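Step one of this worksheet: look at the structure below.
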Amino acid sequence: MNDQELVRSVISGNEKAFQVLVEQHQQMVLNTCMGLVHQRNDAEDLAQEVFVEVYRSMAGFRSDSKLSTWIYRIAINKSLNFIRDNKRRKLFRSFETIFGQGQPNLPSESSSDRPDRGLENKQRRERLHAAIDSLPERQRVAFTLNKFEDLPYQKIAEVMGLSLASVESLIHRAKLNLQKKLYKCYKKDD
Amino acid sequence: MSHKTIQEQLIFFLEGSLPDEQMKQVAAHLESCGSCRRLFQELKADMALLEDDRNLPFDPYFYAKVKHKISSTRELPVWQSKRVLQPAFFLLVLALGIQFGIWVGGHYDSPRQTVSQEAALFPLNDLSHEPIELFLLNLE
Ligand SMILES: [Zn+2]
């Protein structure tokens with residue numbers, strides 16, 4: 001079944017066709033969400049919601065783009081919205097702390113005196129995620145699609161609605177910025 | 001090449017995307033320079049972690065969960081959906097806020113002549129805590 005047949009089949013109410021669609025795209029959706037939100041539980045939850053939306057807006061799918069391109073866009077939008085909402089929630093939680101309600105956001109336990117491997121990796125990962133998260137949004141999306149999904153630049157350009165040259169430049173800048181941010185952390189650790 | 005130039009190329013060296021000649025130059029520099037080598041090792045360890053987040057083992061119940069989400073939210077009437085409820089709630093808070101503002105304005109107007117210079121500078125001082133706490137309380 002090609003994209004068009006699959007979509008037509010889902011719209012006509014064929015459950016099996018929807019299951020095929022989910023199974024064909026679930027890994028790429030999970031990778032994309034994971035690359036942007038970093039937490040497995042959140043990424044899985046988001047991935048499920050991506051397919052709920054795919055199911056609901058199936059009729060709005062335009063066959064002039066590939067099905068995967070359309071699904072990538074939904075996954076990116078959902079993840080970015082989740083990140084924005086999360087930031088808002090954190091802001092309100094810090095308000096609560098200021099006004100004397102709720103628990104203060106304590107920094108995660110220091111591990112400098114307990115140099116075991118798991119903890120070191122955990123810190124390393126947090127630092128890396130923070131560096132990725134601090135990239136401008138479009139650089140972050142392009143970098144994620146490239147690193148987590150191994151997508152060729154041409155496909156990233158399609159998904160993001162940009163020219164190939166813009167995507168090349170975004171990814172190049174993303175890597176330079178990420179490198180710079182990480183170097184700063186290494187120097188701080190000295 | 002300077003340390004700075006080398007350090008700017010390390011992320012590309014790591015993925016092997018530099019032209020051959022530059023690959024060789026960076027490799028030679030790393031052989032002889034401890035501080036650039038340390039940065040490279042750190043960067044390599046960090047970027048390797050990205051691999052762990054890729055292609056996670058898949059939840060076998062994934063499709064079932066998607067189906068469940070679709071069927072459990074389908075019957076929800078429009079007025080119960082978050083998209084309608086949340087803006088309505090914020091609108092209510094806003095309306096209450098405006099009402100409160102008008103109330104404060106009305107009550108403040110009459111004793112104006114008797115307030116001291118200092119109190120006039122901070123007219124809403126005593127009341128300013130209440131609405132924001134109320135707002136935050138309502139929010140959670
Ligand atoms: Zn050097």
Side-chain angles (χ1 to χ4, degrees), chain A residues 15 18-23 26-31 34-35 38-40 43-45 47-56 89 92-93 95-96 98-102 120-121 124-125 127-129 131-132 143-144 147-150 172 174-176 178-180 182-183 185-187 189-190, chain B residues 3-4 6-15 17-18 35-36 38-74 81-82 86 90 128-140:
Chain A
E15 274 214 16
F18 183 58
Q19 184 168 3
V20 169
L21 183 148
V22 171
E23 281 165 6
Q26 58 189 18
Q27 193 71 60
M28 67 168 235
V29 168
L30 184 66
N31 280 351
M34 189 66 191
H38 313 304
Q39 301 300 323
R40 168 136 199 183
E44 280 187 349
D45 214 45
Q48 289 162 21
E49 277 170 29
V50 168
F51 287 107
V52 173
E53 180 155 344
V54 165
Y55 183 81
R56 294 225 168 105
R89 272 195 295 275
F92 279 122
R93 227 172 286 149
F95 268 136
E96 275 189 344
I98 291 167
F99 286 95
Q101 293 167 340
E120 192 203 306
N121 259 349
R124 212 176 247 290
R125 177 170 273 118
R127 189 175 67 184
L128 175 68
H129 289 161
I132 294 175
F143 176 81
T144 301
K147 274 283 164 203
F148 282 81
E149 267 295 285
D150 279 335
H172 188 79
K175 287 174 184 169
L176 284 177
L178 184 63
Q179 180 174 247
K180 207 195 274 174
L182 289 172
Y183 286 168
C185 299
Y186 306 155
K187 282 172 184 156
D189 285 353
D190 277 346
Chain B
H3 300 288
K4 191 168 177 285
I6 293 289
Q7 288 170 12
E8 274 168 7
Q9 295 176 343
L10 288 181
I11 196 161
F12 304 106
F13 175 76
L14 184 62
E15 54 185 27
S17 63
L18 292 175
S35 60
C36 287
R38 192 186 78 83
L39 284 183
F40 177 67
Q41 298 297 356
E42 291 272 12
L43 195 64
K44 194 174 166 186
D46 275 355
M47 298 312 275
L49 286 178
L50 285 185
E51 287 299 312
D52 296 354
D53 290 347
R54 284 174 39 155
N55 297 320
L56 297 170
F58 222 83
D59 176 3
Y61 300 107
F62 185 79
Y63 177 69
K65 286 177 182 169
V66 171
K67 286 297 292 176
H68 177 73
K69 269 196 184 171
I70 289 172
S71 55
S72 65
T73 48
R74 188 161 25 199
S81 77
K82 212 169 130 194
Q86 213 173 35
F90 280 113
S128 64
H129 297 293
E130 202 183 335
I132 187 79
E133 281 185 350
L134 203 71
F135 177 66
L136 289 168
L137 267 173
N138 282 341
L139 224 117
E140 269 304 295

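Here the structure is a predicted model, which is why all the values come from computation and not from measurement.
Between the side chains of A/Q48 and B/K65, not a single donor N or O lies within less than 3.5 Å of an accepting N or O.
With a 4.5 angstrom heavy-atom cutoff, B/Q7 touches chain A via backbone and side-chain atoms both. With a 4.5 Å cut-off on non-hydrogen atoms, A/V52 touches chain B through its backbone and its side chain both. Residue A/A131 does not touch chain B at all, counting heavy-atom pairs closer than 4.5 Å.
Summarising the local packing, CD of A/E15 is surrounded by 12 or fewer heavy atoms from other residues, nucleotides or ligands at distances under 6.0 Å.
Remark: the backbone N or O of A/G35 is not paired with any side-chain donor or acceptor of B/R54 at under 3.5 angstrom. Not a single donor-acceptor pair under 3.5 Å links the side chain of A/Y55 to the backbone N or O of B/V66.
No other option in A/H38, A/R127, A/K187, A/R89 has as many heavy-atom pairs under 4.5 Å with chain B as A/R127. Note: B/E42 leads B/E8, B/Q9, B/E51, B/E42 in heavy-atom pairs under 4.5 Å with chain A. Here A/Q27 is the residue among A/E44, A/K147, A/Q27, A/M34 with the most heavy-atom pairs under 4.5 Å with chain B. Most heavy-atom pairs under 4.5 Å with chain A: of the set B/D46, B/I11, B/D59, this distinction falls to B/D46.
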From CA spacing to verdict: salt bridge (Lys or Arg N to Asp or Glu O under 4.0 Å), A/D45, B/K69: CA-CA 10 Å; A/D45 214 45; B/K69 269 196 184 171; 3.2 Å; yes

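By the 4.5 Å heavy-atom criterion applied to side chains, B/Y63 and A/L21 are not counted as neighbours. A 4.5 Å side-chain heavy-atom check between A/K175 and B/M47 finds every atom pair outside the cut-off.
We find the CG-CZ distance between B/L50 and A/F143 to be 5.5 Å, quoted to the nearest 0.5 Å. In this structure, CG in B/L43 is found 7.5 Å from CG in A/L178, a value given to the nearest 0.5 Å.
Summarising the geometry of B/P57 relative to A/R40, their closest heavy-atom pair is O-NH2, 2.7 Å, with the distance given to 0.1 Å.
Taking the side-chain contact (heavy atoms from CB on, under 4.5 Å) definition, one finds that A/R125 meets it with A/H129, B/L49, B/D52, B/D53, sequence neighbours left out. Under the rule for a ring pair (Phe, Tyr, Trp, His ring centres under 6.0 Å), the partners of A/F51 that lie at least two apart in sequence or sit in another chain are B/F62.
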